[in-house]
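Take a look at the structure below.
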Amino acid sequence: MKSPLLLLCSFLFPFLLHAQIRGSVYDAENRELLPYVQVRTGDTLILTSLDGAFSLKAQEERGAVPVHFKHGFYKDTILLLQPGTTTQVFLTPLAASLQEVEIVASPDHTAALTETKLLSRAALEEIRSPLGEPDLIRALQSTAGVLQTGETKSGLFVRGGTNAQTAVLMQGVPVFNSAHLLGINSSLDPDAFQSSTLYKSAYPASAGGWLSAYLLTEPRAHGVKDHQLKVGLGILSSDVSYQRYLPKLKTGIYAKAKSSYYQLLAKLYDELQVSREGENTLPDYAFGDLNIQLTTQLPGGTLSLMLFGSNDRYKAANEKITLNASWGNRLVSARWRQSLGSTWLETTHGFSHYAFAMEHQRHETDRIEQGSSAWLSNVLLGFPLAKKGVIETGAFLQMLQSQSVARNYDTEHRQLSRDVLSEQLYTSGLFIQAQLDYGSFGLSAGNRLYLYNGSLLPAPGARVQYKNTNWASPSLYYDRTYQFHQQVNVLGISMPFDFLRLASRQIPLQQADQLGLSLGKELGRYQLNAGLYHRWLQGQLYYPNATVLLKDYAQEFTAHKGRSAGLELEFQANWQQLKLNAGYTLASTKLALPPVGGHTEWVFPVQDVRHQLNAGINWKFGRGWQLAGQWFLQTGSPYTFPEGLLPVQGMTPGYNPVPTPQFGAYNNIRTPPTHRLDASVSYRRQKRRGWGEWNFGIYNVYNQANPYFFYFEVVPQEDGSGRIVAKQKSLLPLTPTVRYTWMLEL
C-alpha cells in the first residue's frame, strides 16, 4: 500500500510550488463548457476536465505567459495569461458545429471516425423518440453498428453483442436495466445529461467489465449556469425539472422528476370496455423517474454527486391468467476531480441496484424475485507525457452481487418448490493509458489488468491514426474486453426481466478481441466515415430457453466461441438550417457448437441482423419551426420455428391426442424485415422570461405492422392431422403524439 502512495506523492508535490494559471473553456456560440481541450504552455500540456476547467503551472516567474488552446472542432487560440489569475476562454467553432450529433475518435476529439459517438448538450436537446418521449437509447439505435432486434427492444446491440454486453454508465456507475413501458422507451432521459459518449471500440482503459460497448453519460449539473424551471406534458407522462447555479458557492444544481399517467388512461378505457364486453383489455401500468445532481467547484477541484431512481409497475388480468410485476433502479455516484498543477486526480465511487419481482398465476402461482447490485471505486491520476501527449493511470475495485428466489405455489397457496441463488464476485486491478500526438500521427495505447480468481487477465488496447487533410484519416485499432457476468432476459421482449448470473464454475468468463480499421473524410459541410471490424468471441452461452439459467442453478454450461464482423458506413451533411444523416451496417454474428465428428456447426444468435439502413433529417424553417424525421430498415433476425407435430395424449380418457409443436434446431428461420418512419414538427415561441414549445409527432407514419413477438398455432386439417401456422403480434400502429414543454427563466 505504501508504494502507490509514494508514487502518487512523487507526481503531485512538485507542482504545488509554482504559480498557477486557472480558468474554464467555453463554446463561444452557446456558452457550453468544453471538456478535453488541449491546453499547452511551454513544456506543459494538459486537457480540460469534464466541466471545462484547467489549471497549469506557470513557466515564467514574471510577466504574461502564452497559452495555446487546441480542439479538433474549434479554431486554435493563443492567449497571453498572467500567472496567479483565473480566466474564461471562449473558442470559436469551425464549420462543423456541435449542434449536431458528432462522431469522434478518442478523448482528444481530433477526428470523426466510427469508433466513438459523442452527443453534446445541444444534440441531446434535439432528440425525439417513440411516443414523443425523449429517449437516449432510441436515439443511439440509429447509429451504424448498433442494431435493433425487436420493435420494443430498448437496449443497445453493438457489433454482434447482446444488449446485456453494453454497459450504460451514469457518471461511471452502471444501470443494469433502463427499460420503461415494456421496452418501448427507457429511463435514460437526454435532458438529464450534459453529454453522452458511446464507445464501440477504442475503449478508455479506465472503463471495463463489459464485452461490447460503453455508454458514458455525464450529469447535467456540470453545465448549469442559469436559473430555470421546465415543465413537460406528453401523452404518456409529465415531468418537471429545476436547475440553478449559485455563483457564491460555485455550485450547479439539477433535479428532474417524471411520472406516467398511462395507468389513468388505461383504467378509463378498461371501464368502458368492461361495460361493453365484460373483460379488461389494457394492463395497469405506471412508471416514474427521479434524478438529482449537484456539482460544486472547490479550491483546486470539483465535486459531483448524482442520485437516480426509476420504478415500474405492471398489472394485467383476464379470465385465465393474472400477472403482476415491478422493477426499478437505485443509483448513487460521487466523483471528485482535483487539479494539482498540470496533474489531475479523479476518484469515483458508487452503488447501483436493480430489482425485479413477478407473480404469475394461472392454475398454479409462480413468484420470482431478482436483485442485482454493484459497488465500485475507481481512482485515476493524469499528467502530461513529455511535450506530445498525456498519460492516465489508476486502480479499480468492483463487487457484483446477484440474488434470485423462485417459488411455486398450488391452488391452495401451498409452497411446492423454492429455489434460491446468491452469488458475489470481486474484481480489482490497475489500468494505464497513454496518448501521444506526433504531428499527423496520433497514438493511443493502454492496458487494463484484472485480478480475477487469483489470476491476472490483461485487457490491452491500441489505436494508431494518421490525420490526412488531403485524402482521408485512417485509424487502426485493437481491443480486448472481458465480462464477468451473464445478464439474462428470461421472458424475451415481453418484460424487462434481466438478472445476473456471475462467472463461476457453471457460468463461463466472456472474452472478446476486436480488430478494426476506419476512415474519415470531411468535405466542407459533408462528413463521410467508413469502418471494418472483426471480433473473436469466447465464453458465449448457447441456450434455446433462458429459464434454465434461472431454475437450474447447479447446471454447468459449455463455453462457446463466436465470430462477429461488419462494415459500417456513415454520412452527415450540415447546412445552417438543414442537417441530414444516413448510415448502413452490414454485419454477421455466429456461435460455434461443440465439434461432432470433426465438424463444427455454426448457429446464429438473435443479434445476427445482416443489414440495417437508417436516414434522418432535421430542418429548421420559418421562425421557431423545426421538422425532424427518422427512418430505418433492417433484415430479420433468427427465430426458432417448430419442425413438426407430435400427438400428445391428454389426461382426460376418451379424448383424441392433441397435436403439439416439436422444436429441433434453435433459431432455424429468420423473421421478416422491419422498417418504420417516425416524424415530428415542433414550434418554439420565445417569451419574455423563457419559451414554450409544441411538438406534434407521428410514430409509425405509414402504419407498418412490425412484430412485437411471434407465436404458433396448430390448425386441424380435414384428414385429422395438424398444420403449424406462424403468427405475429404487432403492438403499435400509426400513433399520433403531442407534447408541450414550457421553460421559465427565474
Side-chain angles (χ1 to χ4, degrees), residues 26-32 90 92-93 95-102 119-136 138-139 142 185 189-196 220 223-245 254 256 258 525 572-581 615-631 677-699 701 734-746:
Y26 298 83
D27 183 302
E29 290 186 354
N30 56 33
R31 296 301 193 265
E32 286 187 7
F90 297 91
T92 303
S97 171
L98 285 179
Q99 297 296 317
E100 63 183 329
V101 177
E102 300 290 358
L119 274 73
S120 67
R121 177 66 238 147
L124 292 171
E125 289 179 353
E126 294 183 353
I127 288 178
R128 296 293 182 269
S129 291
L131 301 182
E133 301 289 330
D135 189 336
L136 179 57
R138 286 294 182 180
S142 62
N185 62 6
D189 189 340
D191 193 52
F193 307 120
Q194 179 64 15
S195 65
S196 68
R220 175 71 180 276
V224 170
K225 290 299 178 184
D226 49 17
H227 188 194
Q228 65 176 231
L229 176 71
K230 184 186 294 184
V231 178
L233 303 172
I235 65 171
L236 292 177
S237 67
S238 293
D239 55 72
V240 56
S241 64
Y242 174 80
Q243 66 182 55
R244 184 174 186 180
Y245 183 70
Y254 176 86
K256 184 168 188 176
K258 175 187 288 187
R525 59 174 57 93
Q572 293 184 24
N574 181 24
W575 290 269
Q576 186 173 3
Q577 302 295 330
L578 177 64
K579 299 170 189 175
L580 302 175
N581 66 82
I617 181 174
N618 192 303
W619 178 34
K620 296 180 180 179
F621 62 97
R623 188 172 181 180
W625 290 90
Q626 182 172 331
L627 171 66
Q630 190 70 42
W631 175 82
L677 171 64
D678 302 326
S680 67
V681 175
S682 62
Y683 171 69
R684 177 176 294 189
R685 181 180 179 183
Q686 297 294 329
K687 299 184 178 181
R688 187 170 62 89
R689 295 180 57 188
W691 49 262
E693 180 179 273
W694 285 97
N695 181 272
F696 302 93
I698 299 179
Y699 174 87
V701 172
L734 182 150
T735 305
T737 67
V738 59
R739 183 176 181 84
Y740 180 73
T741 305
W742 172 60
M743 192 277 288
L744 176 65
E745 295 283 357
L746 301 175

Would you name the heavy atoms of [X] and [Y] that are closest together and state the gap between them?
X	Y	value
Tyr245	Val224	CD1-O, 3.4 Å
Leu746	Arg689	CA-NH2, 3.6 Å
Arg623	Tyr683	O-CE1, 3.4 Å
Ser241	Leu229	O-CD1, 3.3 Å
Thr737	Ile698	OG1-N, 4.3 Å
Asp191	Arg220	O-NH1, 2.9 Å

Exercise. Any ion pair linking Arg739 and Asp239 (charged N to carboxylate O, less than 4.0 Å)?
Worked result: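 Yes, Asp239 and Arg739 are salt-bridged.
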
Do [X] and [Y] have side chains that get closer than 4.5 Å, going by heavy atoms?
X	Y	value
Ile235	Val738	yes
Trp575	Leu580	yes
Lys620	Arg684	no

Seminar exercise, completed: Residues at least two apart in sequence or cross-chain that pass side chain to side chain donor-acceptor pair (under 3.5 Å) with Arg244, listed by chain then number, are none

For this session: Show your reasoning for whether side chain to side chain contact (heavy atoms under 4.5 Å, CB included) applies to Ile617 and Leu578.
Result: CA-CA 7 Å; Ile617 181 174; Leu578 177 64; 3.8 Å; yes

How many angstroms lie between [atom1] in [X] and [atom2] in [Y], if you round to the nearest 0.5 Å?
X	Y	atom1	atom2	answer
Ser682	Leu627	OG	CG	8.5 Å
Gln630	Asn581	CD	CG	5.5 Å
Asn574	Arg525	CG	CZ	8.5 Å
Trp742	Trp694	CH2	CH2	13.5 Å
Phe193	Arg121	CZ	CZ	9.5 Å
Glu126	Leu124	CD	CG	9.5 Å

For this session: Determine, stepwise, if the pair Trp691 / Thr741 fulfils side chain to side chain contact (heavy atoms under 4.5 Å, CB included).
Result: CA-CA 8 Å; Trp691 49 262; Thr741 305; 3.9 Å; yes

Exercise. Could you walk me through whether Tyr242 and Lys256 pass the side chain to side chain contact (heavy atoms under 4.5 Å, CB included) check?
Worked result: CA-CA 6 Å; Tyr242 174 80; Lys256 184 168 188 176; over 6 Å; no

Exercise. Passes salt bridge (charged side-chain N to carboxylate O under 4.0 Å, His left out), Glu693 versus Lys230? Steps please.
Worked result: CA-CA 11 Å; Glu693 180 179 273; Lys230 184 186 294 184; over 6 Å; no

Problem set entry | For Tyr26, all residues meeting ring-ring contact (aromatic ring centres under 6.0 Å, His included), sequence neighbours excluded |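 Result, ring-ring contact (aromatic ring centres under 6.0 Å, His included) vs Tyr26: Phe90.
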
Exercise. Counting heavy atoms not belonging to Gln576, are there more than 12 under 6.0 Å from its CD?
Worked result: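 No - once you tally the heavy atoms of other residues, nucleotides and ligands closer than 6.0 Å, there are 12 at most.
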
